[in-house]
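Below is one structure, written out as structure tokens; the observations come after it.
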Amino acid sequence: MPHLYLVDGSSFIFRAYHVLPKLTNKHGEPAGAVYGYVSMLWKLADELDKADGPTHLAVIFDKSEQTFRNEMYDQYKAHRPPAPEDLVPQFPMIRDATRAFSLPCIEEAGWEADDLIASYSKAALAQGWQVTIVSSDKDLMQLLTEPGIDMLDTMKDRRMGPEAVVEKFGVGPDKLGEVLALMGDSVDNVPGVPGIGPKTAAKLILEHGDVEAVLAAAPAMKPGKLRDNLIEHADKARLSRKLVELACDVPLPDPLESMELNGIPDAPLRAFLDHHGFKTLLARLGNAGTTVADAPVETPDVPGLEEDPPCNHDGYATVTDAAELDRWIADARHQGWVAFDTETTGVDATRAELVGVSLALKPNIACYVPIGHGGTDMFAEKPVQLDRDVALAKLKPLLEDPSVLKIGHNLKYDAIVLARCCPELGGITVGPYDDTIVMSFDLDAGLHGHGMDELAATHLSHSCIAYKDVTGSGKKQIGFHEVDLKAATRYAAEDADVTLRLWKRFKPRLAYEGATRVYEMVDRPLVRVIADMEREGIKIDAAVLSRLSDDFSKQIAALEEEIHAIAGFKFTIGSPKQLGDVLFDKMGIKGGRKGKSGVYSTDVNELERIAADKDSPGREMVLKVLDWRQLSKLKSTYTDALQAQINPATGRVHTSYSLTGAQTGRLSSTDPNLQNIPIRTETGRQIRDAFVAEPGNVILSADYSQIELRLAAHIADVPALREAFESGEDIHNRTAMELFGEVNRDTRGRAKTINFAILYGISRWGLAGRLDVTPDEAQGMIDRYFQSFPGISRYIADTLTEAKQAGYTTTLFGRKTHFPRLQSKTQHERAGSERAAINAPIQGTSADIIKRAMARMGPALAEAGLPNVKMLLQVHDELVFELPEGDVEAARPVIERVMATAAEPAITLTVPLGIEIGVGPSWGAAH
DNA sequence: CGGCTCACG
DNA sequence: GACGTACGTGAGCCGA
């Protein structure tokens, strides 16, 4: 079925103009709105991939100021200020841009874009087409009356149907015109009825049906301002009703068929981008058709970035008055975006209590709203501050307002705190949002850290007030709620201010440097998903861990005694230094190797080497030390530590995921790290039995099988490996056959080692060490591997060449990882970076894929009617869920499908993604 | 706080 | 001629 996309060009120009900083093109002409507009069209091109993407598309513009509405009412849009001086010359450039994309540009004298959009929609729907209006204009929402039509807000990445109208205005699209008429619109100068805003308008229309009926009922209403105004301004109401009505029968300037999409020819677009010097977009064009999102470009320069004034803490406001808070909120609404930060009592978002919120609107224009200051002693005097409930009731609508962008730095933290802060209000669900920590990561992974202090120093040459300067440190450290309001305001408002400044720099860079796709499609949506997972946590059966702890304790004590008896004296077994001395000096074991700190190495390889020698005098002790080490590790890191991590309020463990921790794009997990729970040995695996489901629920674990090898087969284009995955063959067996000509336990094990080694860029010496062969033999295996799978050596060479030239590697989804040390003068550093660069596209693509699956999982489960299936954990290639036992069979195929198709439609892989699913009462049992 | 060791993918 | 040798993480312990 044809699907027509109608782009509201005019409204988009204004939004692009106001959202983006003032940019200029290479000729020094103002071109920010042009750039924003082109980026939007580009983003829209992503829709082409989708199943219900456009088959037809046109951009609609306003032609002139004079329309039939001016004839009705000469004041219509009369008070609109003229377009800003630097925007005017961009109008013709934008029409050029549209033509450069070979898209029809439609405008007609006497009609507004809205009327043309309404008329085209009606005509298309009449022919049974689907229609999507690309706009966020409230007047156009009147058109959402039929099932075949919806709206798309590309800037917020949001699709809207009739529910969105009900949510925003309290009435359906069929009554929206009535409500808009009563409300009026000060920007367009639609008069409406004085004193009636959205709430009253909706109430009246719901009660009476339409404007005429409201007016007719007015004389009978209870005496008051509302009644008087309705009677006095009845004519204005009737006029407003006509002004907001969209004309649906404008003669169509071009036939619908002329809007058919037939691909975007290269040449005109290239010429246009080249004319303006939009380098990154040009580079992307150069790469169109390949699977890599962005070609390497020279250091991109964002032209004409405004210099912000230096930070000045003295101007920050402490808001302790309701009316003042209202003003800040109104200003934020008016502007459409606001940077914010929360101050709390601690670093663990799932336990911390809210102490205050800071807002920043413009550089140096920021405030702090304290709501929880004062000592914990209930008799202690508290500073004058807004009542917590009052302040939160005012902040909640702003933080949830779909038309105001909220900007945070590590917003995941704030999102969790705010979701928990006011259960009586149903929590606060922050959105829509941007997160500067994630933006920085998507732009500059590998170049530097992404903490606010470091970013402020790097990008703003500003050194932030240190948290410790405000709260002190060590024994004398106080909680933020105990900090006096003056100091708290300086610190908190500065954080919001800096966040805003960073955002202004990062936002245009994302588009310029080709990072928008990975940010918008992968990492930004994940912030909310991860926040929800962390808040959910996972139940731990403390009794299981406590039993294991006791068990381990006894074994450890027994081993300790035996080890000391063998040595003949007591020493600290856990000290590598003492252990090394005992083994290699006192007991005289040969072959000890000292590291650079002068201590003998006693790691597991070394000890196993000793144990392998049947005649070694240290064999008995070393075996016991290995056991002791394993048990000590399990006890201190897992069975003891995990019990201490149980949140008393929830009875569950809430890890914290870092979205920016791993350079490749993987997540990392801390406090506790739930991505390294033992599994490889039976003793360790028992710890997973303590991760359990609530009664009536079960744990479901779904993992990608061999995802990195599959991706290597795709990315390096290795037919032999691809076929093996296609036919479901065991991949290590296949490699063993290719390399050794026969498959047995030994050759399969070696093949497995080599398969992984290759992905990590191994050397002959490294492989020799792992396989216990000579470097020459190892080299022979590597050579044979490359002969069997020639794509691999090509991949390694190409990846290194590109990485050295561009300074970064790229995943299939366009995620960059920078490798500045590829240029290092030290061979050691260079070699290390080369190995990392070989691995990064594969590990990173795998990370992108599971992240996409995670972002889509919630909606897919909701759509399947499975709201009680909760995603709890991610372990790089595995997702762990908790769900009602009765939902298992329904959830299984949904989870499998979402994971297996997570690369689509952006990327079509030439290998299938295999998913393995297990279910059980505990994580251990689900494997 | 660095080094060592070891848990995971 | 010596060095060091597989990628990505986080945590606990020791000892300076």
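Within every chain, numbering begins at 1; the chains are lettered A, B, ... in the order of the sequence lines, protein sequences first and strands thereafter. Just so you know, these numbers use all the heavy atoms, side chains as well, and skip hydrogens, waters and symmetry mates. All values derive from a computational prediction rather than experimental measurement.
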Q) Base, sugar-phosphate, or nothing for A:Leu674, non-hydrogen atoms under 4.0 angstrom? A) nothing
Q.
A cation-pi test, strictly: NZ or CZ of A:Lys635 under 6.0 Å from the centre of the six-membered ring of A:Phe552 and no more than 45 degrees from its axis. Yes or no?
A. no
Q) When every nucleotide of nucleotides 10-16 of chain C is labelled 5' to 3' by its protein contacts under 4.0 Å (heavy atoms), B for base, S for sugar-phosphate only, - for none, what sequence of letters results? A) BBSSSS-
(Q) So A:Pro678 and A:Lys633, do their side chains get closer than 4.5 Å, heavy atoms only? (A) no
Q. Among B:dC8, C:dC7, C:dT5, which nucleotide sits nearest the side chain of A:Arg835?
A. C:dC7
Q.
By nearest atom, which of the nucleotides B:dC8, B:dC6, C:dG8 is closest to the A:Val604 side chain?
A. B:dC6
Q: Would you please name every residue forming a ring-ring contact (aromatic ring centres under 6.0 Å, His included) with A:Phe584, sequence neighbours left out?
A: A:Tyr600
Q. Can you tell me if the side-chain N/O atoms of A:Arg666 get under 4.0 Å from OP1 or OP2 in C:dG8?
A. no
Q. Is any side-chain N or O of A:Arg680 under 3.5 Å from a base N or O of B:dA7, one able to act as donor and the other as acceptor?
A. no
Q: Please work out if A:Thr602 contacts a base, only the sugar-phosphate, or nothing of the nucleic acid, heavy-atom cut-off 4.0 Å.
A: sugar-phosphate
Q: Round to a whole Å and report the spacing from CG of A:Asp848 to C1' of C:dG8.
A: 14 Å
Q: Can you tell me the distance, in whole Å, between the NZ atom of A:Lys635 and the C1' atom of B:dA7?
A: 17 Å
Q. Are any of A:Arg764's side-chain N or O atoms less than 4.0 Å away from OP1 or OP2 of C:dT5?
A. no
**Q.** Residue pairs passing the salt bridge (Lys or Arg N to Asp or Glu O under 4.0 Å) test where at least one lies in residues 831-855 of chain A, sequence neighbours excluded
**A.** A:Asp523-A:Lys851, A:Lys804-A:Glu834, A:Arg815-A:Asp848
Q: May I ask you to say what A:Ala757 touches in the nucleic acid, namely base, sugar-phosphate or nothing, with a heavy-atom cut-off under 4.0 Å?
A: base
Q.
Counting the atoms with a prime plus P, OP1 and OP2 as sugar-phosphate, which does A:Leu759 contact under 4.0 Å by heavy atoms, base, sugar-phosphate, or nothing?
A. nothing
Q: Quick one: the dot-bracket string of DNA chain C, using Watson-Crick and G-U wobble pairs with both distances under 3.5 Å, [ ] for crossing pairs and | for bases paired to another strand.
A: ......|||||||||.
Q.
Within the structure provided, determine whether A:Trp923 and A:Ile677 are in side-chain contact (heavy-atom separation under 4.5 Å).
A. yes
Q) Contact class for A:Gln663 (heavy atom, under 4.0 Å): base, sugar-phosphate, or nothing? A) sugar-phosphate
(Q) Using whole Å, what does the distance between atom P of nucleotide C:dT9 and atom OH of A:Tyr657 come to? (A) 17 Å
Q: Grab the CD-P distance between A:Gln874 and B:dG9 for me, whole Å please.
A: 12 Å
Q | Criterion salt bridge (Lys or Arg N to Asp or Glu O under 4.0 Å) on A:Asp550 and A:Lys554, from CA distance to verdict | A | CA-CA 6 Å; A:Asp550 290 350; A:Lys554 286 183 197 121; 5.8 Å; no
(Q) Holding to ring-ring contact (aromatic ring centres under 6.0 Å, His included), I want the full list of residues that pass it with A:His448, two or more places apart in sequence or in another chain. (A) A:His450, A:His459
Q. Within the structure, does a side-chain N or O atom of A:Arg629 lie under 4.0 Å from either OP1 or OP2 of B:dC6?
A. yes
Q: To the nearest Å, give me how far apart CG (A:Asn839) and P (C:dA6) are.
A: 13 Å
Q: Output yes when A:Glu708 and A:Arg666 qualify as a salt bridge under the 4.0 Å nitrogen-oxygen rule, no when they do not.
A: yes
(Q) Regarding A:Ser833, tell me which of base, sugar-phosphate or nothing describes its non-hydrogen contacts under 4.0 Å with the strands shown. (A) nothing
Q) With sequence neighbours left out, what residues match A:Phe725 under ring-ring contact (aromatic ring centres under 6.0 Å, His included)? A) none
